[in-house]
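Below is one structure, written out as structure tokens; the observations come after it.
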Amino acid sequence: MDTATSKSLCHNNLVKRNAVLVNGMYLNGPTLDIKATYTFVEDAISLILDEAVKKGTDILEKVCEWQPPEKLREILDLELREGGEPQAKILKRCQDVIRYSVKTGHPHFFNQLYAGMDPYALVGRFITETTNPSLYTYEVAPVFVLTEDAVLRKMMEFVGWEEEGDGIFSPGGSISNMYAVNVARYRCCPDIKEHGLSAMPRLVLFTSQECHYSVTKAAAFLGIGTKNVYVVSSDERGKMIPAELEKQVLRAKAEGACPFMVNATSGTTVLGAFDPLEEIADICQTHKLWLHVDACWGGAALLSRRHRHLLKGIQRANSVAWNPHKMLMAGLQCCAFMVRDKTGLLQRCHSARASYLFQQDKFYDISYDTGDKSIQCSRKPDAFKFWLLWKAVGTHGLEERVNKAIALAKYLAMEIQKREGFRLLMEPEYANVCFWYIPPSLRKMPESKDFWEKIHNVAPLIKERMMKKGSMMIGYQPHGSRVNFFRQIVISPQLSRADMDFVLDEIEKLGKDL
């Protein structure tokens, strides 16, 4: 260790101080220019508010400014170099990042199961990013541990668990579904935590053909095996058929396997279908199976007195996944996993009891150290932005969002049925509106195999045109035997009837020459 003399301004007096040099680094004073850092953050926030918030939600601006990967890589200058860049250049880079990103808060972004920009949730995100907590212990994140608990309790109330339960926010609905599989398996075979797969019989879980792919991924990831996910047939609307579930359970038992779980879906990704939970719960009760409800998309309907019937029977579930970042617009990511159990099952399943975090002799109530319920160590306070949003608009405000979104979806479906060249797959039950566009050149063509092959190419071509124009974004996909069709998702409270009309007008404009 070396010493050197340096000067610094302390309490307005010029003082001399011995500077300490370790490994070639002076240890006196900060290495950051605090004043310059504050100025940069101030300038950056001003840019974000103007470019991402104001312009990003402006209906007159583009949804996206499309560039192919090679061109975009060149524009952004992605190479990382030895030396740093001046702040002015970094601000320009921030501006470019926003410019070439998809504006998911734009009124005409309909591409995914999330959209829009809620100001209260956005401010909540600003706060959690700047305070930068990790949600493993109360001592590190006291405010955010309590807000997560408050949000989970309120969500459980809407699920219908009168005696509440337990839960945690996870980094995505896929992880919530994986939690469900893991907890259900642990309840069935508790020795697996210590002895691994060698302690496990051949376990089988059941899910519908319309379920989210994360269920199969969970089976692969957890060592259950994708061939032990028995797929249950769905009806023409995408709902699980209970009689077919019963058959699959009996089949698994006849094979000598051990059925342990059923995954039901409330709001399927493509069709927006809701499985019949009461009938499924009856089967689970008969066969002593864990019932998990993936309500990541459809859970928001629980807040609507008009539409909560879609999830009738959800209170009988053993676990529920629900993503407020979707219909309720809490911002990515915001995903609750909840269990009806109150005996500490979630904690027992996942705990590792790290002594450097979860000391048992702390000076406060250690039941607030919730991190050992999680498979993560560091965990973001995703519930806080939803808490702030809920505080701002209230339950009635959230209910209005759900009601308006579903009403706009119904309006769009009615308009599709009126317009020549548009064909609805089925009446929407939720906010998913699925339809084909048939260009004028194909409208008099017999509906042969050749006709449907041509229709299959229409949606991808229109999607390419809309993205290159930047006018809107809507998803498309094939589904079973059906060729490519558009899937319009209605969420944002910014939307009006005029936006629904715009969608159909724009598709007609972009595809009429095909």
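The residues of the chain are indexed from 1 along the displayed sequence.
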Residue pairs involving residues 312-323 (criterion salt bridge (Lys or Arg N to Asp or Glu O under 4.0 Å); sequence neighbours excluded):
E278-R316, D282-R316
Got more than 12 heavy atoms from elsewhere within 6.0 Å of CD, E453?
yes
In the structure I gave you, are the side-chain heavy atoms of W390 and M155 within less than 4.5 Å of one another anywhere?
yes
Any side-chain to backbone donor/acceptor pair from K385 onto Q333? Under 3.5 Å, distance only.
yes
Heavy atoms, side chains only, cut-off 4.5 Å: are V503 and F486 in contact?
no
Write out all pairs satisfying salt bridge (Lys or Arg N to Asp or Glu O under 4.0 Å) with one or both partners inside residues 399-409, taking only residues at least two apart or from two chains.
D118-R401, R305-E399
Looking at E508 and R419, is there a salt bridge between them, counting it only when a charged N and a carboxylate O are closer than 4.0 Å?
no
Would you mind checking if E429 and K239 are paired as a salt bridge, meaning a charged N to carboxylate O distance below 4.0 Å?
yes
Using a strict threshold of under 4.0 Å (side-chain N to carboxylate O), is an ion pair present between E129 and K380?
yes
I'd like to know whether the aromatic ring centres of Y186 and H350 sit less than 6.0 Å apart in this structure.
no
Is the closest side-chain heavy-atom distance between T207 and V262 below 4.5 Å?
no
Suppose the criterion is salt bridge (Lys or Arg N to Asp or Glu O under 4.0 Å): which pairs have a residue in residues 60-71, not counting sequence neighbours?
E65-R99
salt_bridge(E157, R153) N-O dist < 4.0 Å
no
Take the angle between the ring planes of W436 and F485 and call it parallel below 30°, perpendicular above 60°, tilted in between.
perpendicular
Is the side chain of H325 donor-acceptor paired with the backbone N or O of C334 at a distance under 3.5 Å, no angle test?
yes
Considering residues, nucleotides and ligands other than K468, do more than 12 of their heavy atoms fall under 6.0 Å from its NZ?
no
Tell me if the centroids of the rings in Y430 and W297 come within less than 6.0 Å of each other.
yes
